[in-house]
Amino acid sequence: MKPFTQHTGRVAPLDRANVDTDAIIPKQFLKSIKRSGFGPNAFDEWRYLDRGEPGKPNENRPLNPDFVLNQARYQGASVLLARENFGCGSSREHAPWALEDYGFRVIIAPSYADIFFNNCFKNGILPIVLAADTVDRLFKATEASEGYALTVDLAEQTVTTPDGEVIRFDVDPERKHRLLNGLDDIGITLQFTDKIQAYEAKRRQEAPWLFQ
Amino acid sequence: MPRTLYDKLWDAHLVHVEPDGTALIYIDRHLVHEVTSPQAFEGIKLSGRKLWRAASVLATPDHNVPTADRDKGIVDPVSRTQVETLDANCAEFGLTEFGMADPRQGIVHVIGPEQGFTLPGTTLVCGDSHTSTHGAFGALAFGIGTSEVEHVLATQCLWQKKSRTLLVRVDGALGKGVTAKDIALAIIGRIGTAGGTGYAVEFGGSAIRGLSMEGRMTLCNMAIEAGARAGMVAVDQKTLDYVKATPRAPQGAQWDQAEAWWRTLVSDPDATFDAVIELKAEDIRPQVTWGTSPEMVVSVADKVPDPAHAPNPVKKSDWERALQYMGLDANTPMRDIAVDKVFIGSCTNSRIEDLRAAAEVARWAAASGRKVAGNVKLAMVVPGSGLVKAQAEREGLDKDFVAAGFEWRDPGCSMCLAMNADRLEPGERCASTSNRNFEGRQGQGGRTHLVSPAMAAAAAIYGHFVDVSEVLQ
Ligand code: SF4
């Protein structure tokens, strides 16, 4: 996994609550057996006016001019500003894969759905939780000034605005450590092989029917 | 110290605990389907790792499989590749798979319990959010992403932080025509789609005790729609009776050993929960969603809400956007909403009891000379598994459906998420027994109203929503 330390990037505001993973990457693209290439179809149903299909080239598809990410001023954005319960619905990891492939490294929202939140950390995306009124303020600032960018420092746990305001955020220490160092979870877990085997041996005694 | 059911399941699976409370927990059972597994198997292969315990896995294709003309195979080449990739991975790693032609194939969340693969006291995961379904058996079951699928395949464990606990207690007697689906929707309507976030939810109370195992599965299935990762119901005699009749149930002395432990899988009487919510069963009427989130739900006797009365500005704009997408006007009585298609199926409502409830409506319709209404282009019934299908056919339910104008299909996820050929066209409105009414969920531009199986069947007959409890009187 790519480590995440510091990042500065343009902010794109997605002003709706309960954005679900079906919206982030529609189901027809889940038929892929790869991990990459989902970016051009992120938010497909909102982004384009026609129906996207796997394998269909996206370059010449008609864009929806009303969709916020299509506006010229938000091109190249890498920080996604969102509302509450972002990423609800299906467990598909294709959602963070699509956001990452699109170019997002940071998401800022008042709350997230559990599985999505977890999946982000596994894919080098930092999902930041900030208070709803702070997020609201960032929405207004982003919409007010073109090219609005934020700097995020994971080690320091800070978001810095263009006028120098520093906003602190919380992050689980274990997740922070793994993301900062780009550590592979499986590798870490396999260091506990003895403990897993010991547990398993005990469980075989207590619940032998699970090992038939 | 008194413990909740969740505490007991958690404690029984601890392998290692870090000082900050992050725990490595052991996973007993792992269900695998074709959509969220290919990248996990690829990861295993690329890293040269082995599977920790192949016998803990049961795999089946469900999302992409066709529900008609199955002998012709899968027409869409991309879908076909995904299913073939699952077959190949299962063969390569020596996993048990119920392939497309196996009579036991079906939706993962239907076949796990049916086989006795899902057992009380287990930890069970699947790369699928509706894994919460299996909590109905007094198990700790939750959905995971593909990285975690790979992690479980390689280590048999997951890193977890303990959740807070929420008890949702429903007491009293359910009215006629009111089902577990209506309880689930009423709860989500009350606490919202994020109301359960961070919680492991236990459903309790006399109305829950009164539910069949199928009903409990429907309820736990929808726990994820309330934001909770896991839902669960304590073990009782019904749980044991259901499990005993399954092919993989422990036998002989092992059954006795298992039963002794399983009977302890209830929250201690004086255990405390971090939060408690109470509902009265009598207050719950048949539910219908009107918007694009499961929390946008009312009783069938009510009207489409007016955004002017939304509790706050964010909700107001959500409601307005939802009404626009759904093509509905505020204050329209739910009964006046006509439907174009009806879907009875999905891991929420495709078990035998669900089909019986829908077939009862179909039988009543046929007996009174009615059929699926003329404005309904398609009313389809998709059993959750091959075994459910066979059981329904033994009971003659398929004939009831066909006589009333419903289509009787082969098992799979089908129009729950429209990855196969079954889908809504833009603007089409559907009464659906599935679990998500998100924009585009059942097909781009499609409009979904979530209801119970009997409500869906009644909507098919009338061509619009009706209160099934009145119909069946
Ligand atoms: S039936 Fe629907 S919700 Fe259930 S596993 Fe299949 S796609 Fe997911």
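Reckoned from all heavy atoms, side chains included, excluding hydrogens, waters and symmetry mates. Convention: sequence-line order gives letters A, B, ...; per-chain numbering from 1.
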Could you tell me which portion of [X] (side chain, backbone, both or neither) has an atom closer than 4.5 angstrom to a non-hydrogen atom of chain A?
X: B:Val314; result: side chain
X: B:Leu24; result: side chain
X: B:Ala55; result: neither
X: B:Thr155; result: both
X: B:His63; result: neither
X: B:Glu295; result: side chain
X: B:Gln442; result: backbone
X: B:Asn435; result: neither
X: B:Ser147; result: both
X: B:Leu158; result: neither
X: B:Thr197; result: side chain
X: B:Ala418; result: both

Return the option, out of A:Thr193, A:Ile115, A:Asn119, with the maximum number of heavy-atom pairs under 4.5 Å with chain B.
A:Ile115

Could you look at [X] and say if it's the side chain, the backbone, both or neither that has a heavy atom under 4.5 Å from chain B?
X: A:Ala23; value: neither
X: A:Lys34; value: backbone
X: A:Tyr112; value: backbone
X: A:Ser111; value: neither
X: A:Asn18; value: side chain
X: A:Arg83; value: neither
X: A:Glu84; value: side chain
X: A:Pro26; value: neither
X: A:Thr21; value: neither
X: A:Asp136; value: neither

Any chance the side chains of [X] and [Y] put a donor and an acceptor closer than 3.5 Å?
X: B:Gln39; Y: A:Trp97; result: no
X: B:Thr36; Y: A:Glu93; result: no
X: A:Trp46; Y: B:Glu439; result: yes
X: A:Asn118; Y: B:Glu148; result: yes

Check against side chain to side chain contact (heavy atoms under 4.5 Å, CB included), B:His13 and A:Tyr199
CA-CA 8 Å; B:His13 290 89; A:Tyr199 174 90; 3.5 Å; yes

Chain A: which of B:His130, B:Lys161, B:Arg49, B:Glu150 shares the most heavy-atom pairs with it under 4.5 Å?
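The residue among B:His130, B:Lys161, B:Arg49, B:Glu150 with the greatest pair count is B:Arg49.
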
Top contributor to chain A interface from B:Arg423, B:Glu34, B:Gln156, B:Arg248 [non-hydrogen pairs under 4.5 Å]
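The option with the most such pairs is B:Arg423.
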
Mind checking whether A:Ile196 and B:Cys157 have side chains closer than 4.5 Å, heavy atoms only?
yes

Less than 4.5 Å apart, side chain to side chain, heavy atoms only: is that true for B:Arg321 and A:Arg16?
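They are in contact (side-chain heavy atoms under 4.5 Å apart), so the answer is yes.
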
Which distance, rounded to the nearest 0.5 Å, do you find between the [atom1] of [X] and the [atom2] of [Y]?
X: B:Met419; Y: A:Leu30; atom1: CE; atom2: CG; value: 5.0 Å
X: A:Asp50; Y: B:Gln444; atom1: CG; atom2: CD; value: 8.0 Å
X: A:Lys122; Y: B:Ile144; atom1: NZ; atom2: CD1; value: 9.5 Å

Residue pair B:Gln257, A:Trp209: steps toward the side chain to side chain contact (heavy atoms under 4.5 Å, CB included) verdict:
CA-CA 9 Å; B:Gln257 190 185 356; A:Trp209 57 89; 4.0 Å; yes

With no hydrogens and no angle check, is any side-chain donor or acceptor of B:Arg436 less than 3.5 Å from a backbone partner on A:Gly89?
yes

Could you go step by step and tell me if B:Arg441 and A:Glu45 meet the salt bridge (Lys or Arg N to Asp or Glu O under 4.0 Å) rule?
CA-CA 11 Å; B:Arg441 171 76 179 183; A:Glu45 288 184 8; over 6 Å; no

Check whether NZ of the Lys or CZ of the Arg A:Arg175 lies under 6.0 Å from the centre of the six-membered ring of B:Trp159 and within 45 degrees of that ring's axis.
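Because its charged atom misses either the 6.0 Å distance or the 45° angle limit, A:Arg175 does not stack over B:Trp159.
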
